[in-house]
Amino acid sequence: MIKVSLKDGVVKEFEKEVSVYEIAQSISEGLARNACAGIVDGEVQDLRFIVDKDSDVSICTFDDEGGKKAFRHTASHIMAQAIKRLFPETKLAIGPSIAEGFYYDFDRPTPFTEEELIKIQDEMKKIAKENISIERFTLPREKAIELMKEKDEPYKVELIEALPEDAEISFYSQGDFTDLCAGPHLLSTKAVKAVKLMSVAGAYWRGDEKNKMLSRIYGTAYPKASDLEAYLTMLEEAKKRDHRKLGKELKLFALLDEGQGFPFFLPNGMVIKNTLIDYWREIHKKAGYVEVQTPIIMNRELWERSGHWGHYQNNMYTTVIDDVDHAIKPMNCPGGILVYKQDMHSYRDLPIRMGELGIVHRHEKSGALHGLMRVRSFTQDDAHIFMTEEQIRGEIKNVVELIDSVYKLFGFKYHVELSTRPENSMGSDEAWEVATEGLRGALEDMNMKYVVNEGDGAFYGPKIDFHLEDSIGRTWQCGTIQLDMNLPERFDLEYTDKDGSKKRPVMIHRVCFGSIERFIGILIEHFAGQFPTWLSPVQVKILPISEKFEDYAVKVNEELSEAGFRTAVDFRAEKIGYKIREARNERVPYIIVVGEKDLEAGKVSLRSRAGEEGQKDLSEVIERIAKEIKERANS
RNA sequence: GCUGGUGUGGCGCAGUGGUAGCGCAAUUGAUUCGUAAUCAAUAGGCCAGGGGUUCAAAUCCCCUCACCAGCUCCA
């Protein structure tokens, strides 16, 4: 007798061992039809998985993460099967499910064309209609290698060879198609009806740029055509908020051939940048930071001492001044350290929280550049905190809270990663261990959820990264907290402790926005250009109905400017509908219309983003907008 | 950097071998208007750059550059 505990405390008993699918059937035929996978004692399992002991079981449909994965993974196998039917000479690499769909990497002499993509998609639909049942089987490693050699799939052979000697290798086959795969998969191809192949792109075998470049096809799949349609519509909508498009439309910034990767900030964008900086200064002052500024260019000796010359040279721009090598700073830390060294420090001074809005230059590969998100010159809202070892956790906690408060203000969701020691790094294992555990401990003290990103730390220390999403779900690292026990050593930093002895301080490097440029890119997409009033380049636009009311418009404008708002008046001899259309396209949060009726009543007509609001006293409008700006409310 | 795609007035696009077009924006004039586009006229382009094929190239071929998607790398 096997006891299966389902959700809501329901327990079912089975006479003998039973598959996940049979459990679903025992609940309802409807559920069995939609079942994609199961979770058995916390592990995602195939529908074919046999439950042979008392277990907790829940059934996953497409609406569950595990079910979605199985569904899309099956879609990727269907794509591979379609390609094998149409282009049998193609070699298979790997084909997993991903966040919004799936991909599969193929090796063939020429990449797939648009027309071929359509053919493949049609063939996939045919395969779904054929309702081919999907079987799972396992082979010992040697037999598995033999099978894949026989099928002439060298990439699969390589994958299996990387698995342990005694491994049982699982395969899935559907009709004439068999693929190495850990699963799970659906029971048949039937459910995968709504598929769309999105794009073809190159991708290196095993993600290594030294390897051969394969041809990757991205696709997505849904159980219902209407869901697929909804997803495609959502993507279209998201493209409309692309910061590069809006940046041009709203005249925020420009990226020109004359400086590849070096953004120009236009007057409107500069308002946003400066307003963010004002906000930054305000919260950092409150949090006990001082501010410094260090040079953009410093000599080679400094960069050799900091380790950048050795570990970061590929990303640095250099120049020669009076026959001496210099580098344009890619990071602010060495400058901050030199500032620390200007003085003797007592334990009483610590922690020293030293902020710097530093413009850094880094050479990025041309293909990596992306609007404001990835540039070669950017402003870091940097700070270096010098402290004693005992202060580490408290300071990290302060910084995490500060970053969290910034992201909350804008309504951002974010995820956190802990990045550990990379290959090209400096310092002792002990220092790295202490630093990494310091970060991990702080995260755990605060019960923060995080994923570990092995080997992705900075060359001088491990880091906590904060990642924000853009409009189509790509994530970008913004905030980061890096714990550094190496640079204080290299620069021989000291403070005098209670007993008069010299001690080595520990150092944190941290940013909240990350790069102000990238943060603005994210902001543009997040708000679709409709910035909260406090950030809007123009906060109130005054539209006289005709020339006759220009004087009144000027008077209203004076009062609004006097109140400290960023305003503009549209004096053109256009109809009011036209002026409103334009002001709305500019995403101006408040539009004030003045005409005959307003002049007579001594009032103004207000239009906010919510729509027409009718006549109001100007003083009332001023009060309302001032309050919104002061609270930095998100309209 | 790699693979593929794209490159036509300020912006968005059409134009697949026969003298470069549309819409918006701009300028000028008229209109003086009540909540998402008033009318008319004018001006604006070595068709990314270079080389080639051809009687003739935006269009076909080669090279370079930039941008876009993805990979790699990263704030």
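In what follows, chains are A, B, ... by sequence order, proteins preceding strands, each numbered from 1. This structure is a prediction, so every number in the text was calculated from the model and none was measured. Just so you know, these numbers use all the heavy atoms, side chains as well, and skip hydrogens, waters and symmetry mates.
The nucleotide B/G44 finds no pairing partner, because no Watson-Crick or G-U wobble arrangement with both distances shorter than 3.5 Å includes it. Under the Watson-Crick and G-U wobble criteria, each requiring two contacts below 3.5 Å, nucleotide B/U59 is left unpaired. Partner assigned to B/U54 is none, using Watson-Crick or G-U wobble distances below 3.5 angstrom. With both pairing distances under 3.5 Å, B/U3 is matched to B/A69 as a Watson-Crick or G-U wobble pair. The nucleotide B/U32 finds no pairing partner, because no Watson-Crick or G-U wobble arrangement with both distances shorter than 3.5 Å includes it. With a 3.5 Å ceiling on both atom-pair distances, B/C74 lacks any Watson-Crick or G-U wobble partner. Both distances falling under 3.5 Å, in either a Watson-Crick or a G-U wobble arrangement, place B/C13 opposite B/G21.
In this structure, of B/A69, B/C71, B/A26, it is B/C71 that holds the atom nearest to the side chain of A/A203. Considering only side-chain atoms of A/V375, the nucleotide from B/A36, B/A75, B/A69 that sits closest is B/A75. Checking B/U35, B/A75, B/C68 against every side-chain atom of A/R244, the shortest atom distance belongs to B/C68. The listed nucleotides are B/C74, B/A69, B/U35; the one nearest the side chain of A/R607 is B/U35. With B/A69, B/A36, B/C73 as the candidates, the nucleotide lying closest to the side chain of A/R584 is B/A36. Nearest to the side-chain atoms of A/K365 among the listed nucleotides B/A36, B/U72, B/C74 stands B/U72. In the set B/A75, B/C73, B/A37, B/A75 carries the atom at the smallest distance from any side-chain atom of A/Q477.
Closest approach of A/D107 to A/K212, counting heavy atoms only: OD1-NZ, 3.0 Å.
For B/A41 and B/C24, the P atoms lie 12 Å apart once the distance is rounded to whole Å. Remark: the separation of the P atoms in B/A25 and B/U72 is 44 Å, to the nearest Å. The separation of B/U27 from B/G9, taken at their C1' atoms, amounts to 15 Å, rounded to a whole angstrom. Atom name C1', nucleotides B/G1 and B/A20: the rounded distance is 38 Å, in whole Å. Distance noted for atom C1' between B/A58 and B/C13: 15 Å (whole Å). Only the P atoms considered, B/C63 is 16 Å distant from B/U6, to the nearest whole Å. On the P atoms, B/A36 is 24 Å away from B/G23, given to the nearest whole Å. Nucleotides B/C33 and B/U38 have their P atoms positioned 15 Å apart, rounded to a whole Å.
Residues satisfying the side chain to side chain contact (heavy atoms under 4.5 Å, CB included) test with A/V554, not counting sequence neighbours, are A/E558, A/F571. A search for side chain to side chain contact (heavy atoms under 4.5 Å, CB included) contacts involving A/K575 returns nothing, not counting sequence neighbours. When the salt bridge (charged side-chain N to carboxylate O under 4.0 Å, His left out) test is applied to A/R581, no partner is found at least two apart in sequence or on another chain. With sequence neighbours excluded, the residues that form a salt bridge (charged side-chain N to carboxylate O under 4.0 Å, His left out) with A/K245 are A/E249. For A/R244, the salt bridge (charged side-chain N to carboxylate O under 4.0 Å, His left out) partners two or more places apart in sequence, or in a different chain, are A/D242. Take A/D105 and apply the salt bridge (charged side-chain N to carboxylate O under 4.0 Å, His left out) test, not counting sequence neighbours, and it matches A/R216.
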Per-nucleotide protein contact string for nucleotides 29-34 of chain B (B base, S sugar-phosphate only, - none; heavy atom under 4.0 Å): --BBBB
Summary of protein contacts for nucleotides 41-50 of chain B, nucleotide by nucleotide, where a base hit scores B, a sugar-phosphate-only hit scores S (4.0 Å, heavy atoms): ----------
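A ring pair (Phe, Tyr, Trp, His ring centres under 6.0 Å) with A/Y414 is found for exactly one of A/W476, A/F519, A/F466, namely A/F466. Of the candidates A/K541, A/E628, A/Q539, A/R609, A/E628 is the only one forming a side chain to side chain donor-acceptor pair (under 3.5 Å) with A/Y590.
As a whole-Å value, the separation of A/R206 CZ from B/C73 P is 15 Å. What separates CG of A/L117 from C1' of B/G70 is a distance of 14 Å, to the nearest Å. Distance, A/L357 CG to B/A75 P: 18 Å, rounded to whole Å. For A/Y312 and B/C74, the OH to C1' distance is 7 Å, given to the nearest whole Å.
Using a 4.0 Å cut-off between charged side-chain N and carboxylate O, A/D551 and A/K555 make no salt bridge.
At the heavy-atom level, A/G207 lies under 4.0 Å from the strands shown only through sugar-phosphate atoms. A/Y218 comes within 4.0 angstrom of the backbone, heavy atoms only, and of no base.
Using a 4.5 Å heavy-atom cutoff, the side chains of A/F565 and A/I622 are in contact.
The phosphate of B/G70 (OP1 or OP2) has a side-chain N or O of A/R474 nearer than 4.0 angstrom. The shortest distance between the side-chain N/O atoms of A/T480 and the OP1/OP2 oxygens of B/A75 is not below 4.0 Å. When the side-chain nitrogen and oxygen atoms of A/R374 are compared with OP1 and OP2 of B/U72, none of them lie within a distance under 4.0 Å. When the side-chain nitrogen and oxygen atoms of A/H370 are compared with OP1 and OP2 of B/G70, none of them lie within a distance under 4.0 Å.
Looking only at atom types and distance, the side chain of A/D598 has no donor-acceptor partner in the side chain of A/Y552 under 3.5 Å away. If you check the side chains of A/H363 and A/N315, you find no donor sitting under 3.5 Å from an acceptor.
Remark: ring of A/Y578 not stacked against base of B/A36; the cut-offs of centroid gap under 5.5 Å and plane tilt under 30° are not jointly satisfied.
A heavy-atom distance below 4.0 Å to RNA chain B is reached by these residues of residues 248-261 of chain A, ordered by number: A/K248, A/D257, A/Q260. Within residues 264-281 of chain A, no residue has any heavy atom closer than 4.0 Å to RNA chain B.
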Pairs: protein N or O with nucleotides 61-63 of chain B N or O, under 3.5 Å:
none

Atom pairs under 3.5 Å, N or O on each side, protein against nucleotides 3-5 of chain B: can you list them with distances?
none

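Here A/Y104 and A/F102 keep their ring centres 6.0 angstrom or further from each other.
Side-chain N/O atoms of A/Y204 and base N/O atoms of B/G1 include a donor-acceptor pair closer than 3.5 Å.
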